[in-house]
Amino acid sequence: MATPKKYFHDRIILLLLSIDAFLALAGGAFILLRVKLDPSVTYAIQYRERLGIRAFTKGSYIEIVSFAIFSVAVLLFHFYLSKKAYPIRRHFSILILGMGVLLLALSIIVSNALLVY
């Protein structure tokens, strides 16, 4: 099914796509600029409150870089779903892109919290 040209002419859709793209690129760049690609450097990748002193689980840079890959995957997946849902209901498409904004914002917050430690 071809997507109507109205999808790319809808201002709210374009606004949400722009916000999604900005958050994905900014989050990915933020992570990649702070990560050192040295195998000897470890990063906190999990926090478990009930473990006490051993609350933080350590990992390599690959686990942190996966947050940047996740951001791009979220952007592409929400764009695809939104594009497919637009001919059915415009509001579904807006909701999908809005949830993408929320997910990308939470991804930036969590990756920042893990990189601060």
Side-chain angles (χ1 to χ4, degrees):
M1 173 184 275
T3 303
K5 289 184 180 181
K6 292 181 182 180
Y7 180 79
F8 292 109
H9 292 241
D10 194 339
R11 291 182 181 177
I12 295 175
I13 296 292
L14 287 179
L15 175 70
L16 288 171
L17 277 174
S18 300
I19 293 171
D20 275 350
F22 174 76
L23 287 175
L25 294 176
F30 175 73
I31 292 166
L32 293 176
L33 289 174
R34 292 184 67 186
V35 169
K36 297 176 184 166
L37 300 177
D38 185 13
S40 63
V41 177
T42 59
Y43 296 97
I45 58 168
Q46 282 185 358
Y47 176 73
R48 302 288 183 196
E49 183 178 321
R50 295 182 185 193
L51 293 178
I53 295 173
R54 299 176 299 147
F56 289 101
T57 304
K58 302 284 186 177
S60 68
Y61 66 90
I62 295 171
E63 285 88 1
I64 296 295
V65 171
S66 67
F67 274 102
I69 296 168
F70 175 75
S71 295
V72 173
V74 166
L75 172 66
L76 295 175
F77 186 69
H78 281 112
F79 170 68
Y80 176 76
L81 282 179
S82 171
K83 190 175 171 184
K84 290 295 182 185
Y86 190 80
I88 300 168
R89 291 269 185 204
R90 177 180 176 263
H91 292 83
F92 290 162
S93 183
I94 292 171
L95 181 68
I96 289 167
L97 290 175
M99 288 190 302
V101 170
L102 177 66
L103 187 58
L104 289 169
L106 289 174
S107 173
I108 292 171
I109 291 169
V110 169
S111 65
N112 183 40
L114 290 175
L115 283 171
V116 167
Y117 175 72

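Computation of the quantities below employed the complete heavy-atom set of this structure, encompassing side-chain atoms and omitting hydrogens, waters and symmetry-equivalent molecules. The chain is numbered in sequence order, starting from 1.
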**Asked** Looking at CG of L115 and CD1 of I64, how far apart are the two atoms once the value is rounded to the nearest 0.5 Å?
**Response** 5.0 Å
Could you tabulate the donor-acceptor pairs under 3.5 Å formed by side-chain atoms of residues 16-35, not counting sequence neighbours?
residue	atom	partner	partner atom	Å
S18	OG	L14	O	2.8
D20	OD1	V101	N	3.1
R34	NH1	N112	OD1	2.8

**Message:** According to a hydrophobic-cluster definition based on side-chain heavy atoms being under 4.5 Å apart (Ile, Leu, Val, Met, Phe, Trp, Tyr only), do L15 and Y7 belong together?
**Reply:** yes
Please tabulate, one pair per line, all N/O donor-acceptor pairs under 3.5 Å involving side-chain atoms of residues 66-74, not counting sequence neighbours.
residue	atom	partner	partner atom	Å
S66	OG	E63	O	2.4
S71	OG	F67	O	3.1

**Asked** With ILVMFWY side chains joined below 4.5 Å, transitively, what does I88's cluster contain besides itself?
**Response** none
**Message:** Contact between L103 and H78 at the side-chain level, heavy atoms closer than 4.5 Å - yes or no?
**Reply:** yes
**Item:** Distance in Å, Y86 OH paired with F8 CZ, rounded so as to fall on 0.5 Å steps
**Value:** 10.5 Å
**Asked** Tell me, which pairs form a salt bridge (Lys or Arg N to Asp or Glu O under 4.0 Å) where one or both residues lie in residues 97-107, sequence neighbours left out?
**Response** none
**Item:** Side chain S111, main chain S107, donor-acceptor under 3.5 Å
**Value:** yes
Distance-only donor-acceptor pairs under 3.5 Å for side chains of residues 89-97, two or more places apart:
residue	atom	partner	partner atom	Å
R90	NE	D10	OD2	2.6
R90	NH2	D10	OD1	3.2
S93	OG	S82	O	3.0
S93	OG	S82	OG	2.4

